[in-house]
Amino acid sequence: MCGIVGYVGAREATPIILNGLKRLEYRGYDSAGVAVINGNQIEVRRDAGKLSQLIDLVAKSPVQGSPGIGHTRWATHGAPSARNAHPHLGNSGRMVVVHNGIVENFLELKDELTAEGVQFNSDTDTETIVHLAEHHQAAGVGLVEAARRTFKQIQGANVVVLLSADEPDKIVTARIGNAGGVVIGLGENENFIASDIPAILEHTRRVIFLESRQMAIVTRDSVRIETIDGQEVTPEIHTIAWDAVAAEKGEYRHFMQKEIHEQTRALTDTLAGRVDFKESRIRLPELNLTPELAKRIQRIYITACGTAAYAGMVGKTLIEKIARIPVEVVIASEFRYSDPILDENTVVLAISQSGETADTLAAMEEGRRKGAIIWSNVNAIGSQAMRVADGYISMQTGPEIGVASTKAFTAPLVDQYMLAILLADLRGVIDDKTRKELVADLRLIPDLVGRTLEREAEVEKVAHVLKDIRDCLYLGRGINMPIAYEGALKLKEISYIHAEGYPAGEMKHGPIALIDKNMPIICLVPKDPWHEKMISQIQQAKARDGMVIAIATDGDEIVAGMADHVLWIPETPWMLSPVITVLPLQLLAYHIAALRGLDVDMPRNLAKSVTVE
C-alpha cells in the first residue's frame, strides 16, 4: 500500500522525492522517509505520522545529494513508528531499501541472518531484504547481482528498490508478483521511479511499466530492463496524457468533493468514442470481443473488492437482463479459494480502480490458470490488471486521489451497461428497437448526473441532521440493492459511523429489531420496478419510529408524505438509475465526514491501492 519515489540525475533528489510522495498521499500511510546519497555516504530521514512531519524534519536537518529514494509506509509488520519507517539501512550503512508488499519467508530469512551475526534494527520484514543484499555484496558481487540474488530468495508479492553508496550512479528495482506497480519515468539526463504515475507526472510523461518478475537498473542516462533470471527485455514506452493539474483540488475543499463533481465529465468521457448514437451501436475495441467469442460465452464471473464489487453486483443485473448470460459476482479475496468452475467458455471480468489490487490480480491469475477468458475494467492506464487481460475496458475518469472511490464507481456502472448491450447485440438476443432505446438512454446520463449534483446544498442540510448519529441502515432492492451497500460503505469509510447496507426485503428478517427513533434508515426509492416494494419498507420503518431519509424521483408524492427527509433525483431509466441514486449518498457521506472535522481524503487505516492480501 506504500508510495515509492526514486530519482537519479543532476538535480537535488530530496525535493523531487518529497513532492512525489506528496502526490501519493492518497494511497494511505502511517510513516514516511527519504534516503539520499550525499558524497560517499547515505543519509536517511524518517518519521512516523504524516508526510508534513518528515518535511519538517528535513527542514531542520537537510539532506542533500543524488540519487535518492523515498517511501510512505502502511504498516504490515511492526507498529507505525520512526524505527519501523522506511527506508531501512543495512548494518554497513552502505546500502538502503524501500519496499512494498510482504516477504512471506522473512522469519526464516531473519533467523538465518541473525545466526550469521546480522543485527536487526526494526520489526519489519523489509529489513531482511537489505541485509540479504549486503550479504551477497560481501561475497564480491556488484549491486545488480546482489539484488538479483536477493529477489530470487524472497517469497511473496513484493516491489523492492535498492540503493548503494558503493555504486552511487544507479538504482535497482524489481517487481515480484502482484505487489503493486513500478513506473519508470524517462527524462533528459535523469530518470525516475515511482509506485504510481502522479508522483512523477510533473517531470515526464514517458514511462515504462515493470511486469512481474522484472527488474530495472536505472541510471541518469539509461534504463535497462531484465527478468530476474537475467534475460534482457525490450520494454514498451508509454506516453501518458494526463495533466498534472487534474490532481489538484482547485475550488473544492477536498479531492473527494472535487471527484464527485467530476463525474459529469468522467461519464461524458466514458461515452465518447464508444457510443454511436446515430447507428445505436456500442464499440469497445480494447475488449477484443468478436461475434464468435460473444456467442461462445456461457458464464461470466465478475470479481472485485469493496466498491468495485458493488459495481459488479449492478453489472450482474445488467448483463443478465440485457445479454441473457448467467453472471456470478465473487469477492476477489475469496475467488481463488472457492475453486470456481471455469473453462474456455467462461469470462472472468475483474473490476479495479487501481488495477494493482493484489486479491483481484490473484483472481485473474486463477482464471488464467483454469483457461478462462480474462477481461478487466480498470481506471489506471497501464496497470497490471489491464496488461494481463485478454481484453479490457478502461474507465475514463482520470486520476482519483481521494481514498474513497466515487467517479471510479459510476464509470464501471456505465461500462458494464455498454458491455451488456454489446454482448446482446453480438449474440443476437436483442432486437433493434430495444437496442436503440437502451443506447439512446445513455445520452441522458451526463445531464442527469449534473442535475443531481446541483442539489448538493439539499444534501448538506440533511448531513447537518445526521452528523452526530452512531448507526445507520441503508435499504435497497433489485438493481439498487448494491447502492445500499455502497452508500453504507462510503459512510463507514470516511465518517467512521457504523452503517449497514441491506436488501430491503430482508429488513423484517432481523434488522427491523434495530429500528427506533435513534436509527436513521436511508431508503433507495426511485421509480423503478421495485418502487412499490420499497414503499412497503418505508411504512414498516415508520411504524417503528424510524427516521427515514429517502432517495426518490422528482414528484413522488407518496414518498414525500412518508419520509422525514427526501433527497430528490431526476427521473432516470431504471437500468441506469444506480449511476444517479449513488450520487446523493456520496455527497451525504462526504458532508457528514467534513462536518465531523475528519480527514476526508485520507481516512484512517485505509489505502487507495490495496497491494497486499
Side-chain angles (χ1 to χ4, degrees), residues 4-11 13 16-17 20 35-37 40 42 65-71 86-90 92 94-101 126 129-130 132-154 158-177 179-195 197 199-200 203-204 206-238 382:
I4 293 174
V5 180
Y7 171 76
V8 54
R11 290 191 280 167
I16 294 169
I17 292 168
V36 173
I37 295 182
N40 192 37
I42 298 174
S66 179
I69 54 179
H71 189 272
H86 298 205
H88 288 287
L89 281 166
S92 71
R94 307 290 295 166
M95 189 179 293
V96 69
V97 67
V98 296
H99 161 237
N100 182 15
T126 303
I129 299 171
V130 70
L132 275 175
E134 279 196 332
H135 170 80
H136 293 306
Q137 198 170 42
V141 300
L143 172 61
V144 174
E145 182 58 28
R148 190 191 313 278
R149 294 180 186 182
T150 300
F151 300 152
K152 289 182 178 181
Q153 280 185 272
I154 60 177
N158 296 279
V159 169
V160 180
V161 185
L162 286 162
L163 191 62
S164 172
D166 294 328
E167 299 182 42
D169 61 328
K170 63 175 67 78
I171 304 175
V172 179
T173 184
R175 177 177 186 164
I176 309 163
V182 181
V183 183
I184 311 296
L186 307 178
E188 294 294 329
N189 300 314
E190 60 181 5
N191 288 305
F192 307 83
I193 295 170
S195 51
I197 293 169
I200 58 175
H203 305 292
T204 181
R206 298 177 65 241
V207 301
I208 296 168
F209 299 101
L210 280 196
E211 304 292 344
S212 179
R213 297 197 63 76
Q214 288 183 352
M215 58 186 287
I217 301 93
V218 183
T219 72
R220 69 168 65 186
D221 300 316
S222 66
V223 174
R224 189 169 84 252
I225 311 295
E226 301 177 354
T227 66
I228 290 175
D229 294 321
Q231 182 178 355
E232 190 165 352
V233 175
T234 302
E236 181 180 358
I237 298 174
H238 301 261

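FYI, side chains are in, hydrogens and waters are out, and symmetry mates aren't considered; it's all heavy atoms of this structure.
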Exercise. Report yes if the side chains of L143 and D166 come closer than 4.5 Å at any heavy-atom pair, otherwise no.
Key: no

Quiz item: Could you give the distance from CE (M215) to CD1 (I228), rounded to the nearest 0.5 Å?
Solution: 7.5 Å

Quiz item: Between R148 and V141, is any pair of side-chain heavy atoms under 4.5 Å apart?
Solution: no

Quiz prompt | Rounded distance [0.5 Å steps], CD in Q231 versus CZ in R213 | solution = 12.5 Å

Practice problem: Apply ring-ring contact (aromatic ring centres under 6.0 Å, His included) to H88 and list each qualifying residue two or more places apart in sequence or on a separate chain. | Solution: H86

Quiz item: Between I37 and L163, is any pair of side-chain heavy atoms under 4.5 Å apart?
Solution: yes

Quiz item: Does the side-chain contact (heavy atoms from CB on, under 4.5 Å) test come out yes or no for I129 and H99, once each step is laid out?
Solution: CA-CA 9 Å; I129 299 171; H99 161 237; 3.7 Å; yes

Self-check item: Step-by-step side-chain contact (heavy atoms from CB on, under 4.5 Å) determination, V160 to V97
Solution: CA-CA 7 Å; V160 180; V97 67; 3.7 Å; yes

Quiz prompt | 4.5 Å side-chain heavy-atom contact, I184 and I193 | solution = yes

Practice problem: Identify whether the distance between the nearest side-chain nitrogen and carboxylate oxygen of E190 and R11 falls below 4.0 Å. | Solution: yes

Exercise. Step by step, work out the side-chain contact (heavy atoms from CB on, under 4.5 Å) result for I42 and V36.
Key: CA-CA 6 Å; I42 298 174; V36 173; over 6 Å; no

Practice problem: Apply side-chain contact (heavy atoms from CB on, under 4.5 Å) to the pair I154 and I176, showing each step before the final yes or no. | Solution: CA-CA 9 Å; I154 60 177; I176 309 163; 3.7 Å; yes

Quiz prompt | Shortest non-hydrogen contact between V96 and P87, atoms and distance | solution = CG2-CB, 3.4 Å

Exercise. Under the side chain to side chain contact (heavy atoms under 4.5 Å, CB included) rule, collect the residues that match up with Q214, sequence neighbours excluded.
Key: L210, E211, I225, V233

Quiz item: Side chains of I237 and V207: does their closest heavy-atom pair fall under 4.5 Å?
Solution: no

Self-check item: Nearest-0.5 Å distance, NZ of residue K170 to OG of residue S164
Solution: 8.5 Å

Self-check item: Distance, nearest 0.5 Å, that separates OG1 of T150 from CG of L162
Solution: 7.0 Å

Quiz item: Atom CD1 of I4 and atom CD1 of I17: how far apart are they, to the nearest 0.5 Å?
Solution: 11.5 Å

Quiz prompt | R94/E134 ion pair, N-O < 4.0 Å | solution = no

Exercise. Identify the heavy atoms of A146 and A133 that sit nearest to each other, and give their distance.
Key: CB-O, 3.6 Å

Quiz prompt | Pairwise side-chain contact, R224 with E232, heavy-atom cut-off 4.5 Å (strictly under) | solution = yes

Quiz prompt | V8 and D169, any side-chain heavy atoms less than 4.5 Å apart | solution = no

Quiz item: Going from CD1 on I197 to CZ on F209, what distance comes out if it is rounded to the nearest 0.5 angstrom?
Solution: 4.0 Å

Self-check item: Closest non-hydrogen atom pair between P67 and P168, with its separation
Solution: CD-O, 2.9 Å

Exercise. Check whether any side-chain N or O of S66 sits under 3.5 Å from a backbone N or O of A10 as a donor-acceptor pair, and report yes or no.
Key: no

Practice problem: Indicate the atoms forming the closest heavy-atom contact of E226 with G230, along with that distance. | Solution: OE1-CA, 4.2 Å

Quiz item: Any idea which heavy atoms bring A194 and A199 closest together, and the distance?
Solution: CB-CB, 3.9 Å

Quiz item: Is any side-chain heavy atom of V183 less than 4.5 Å from a side-chain heavy atom of I200?
Solution: yes

Practice problem: Identify, with sequence neighbours excluded, every residue that meets ring-ring contact (aromatic ring centres under 6.0 Å, His included) alongside F192. | Solution: Y7, H203

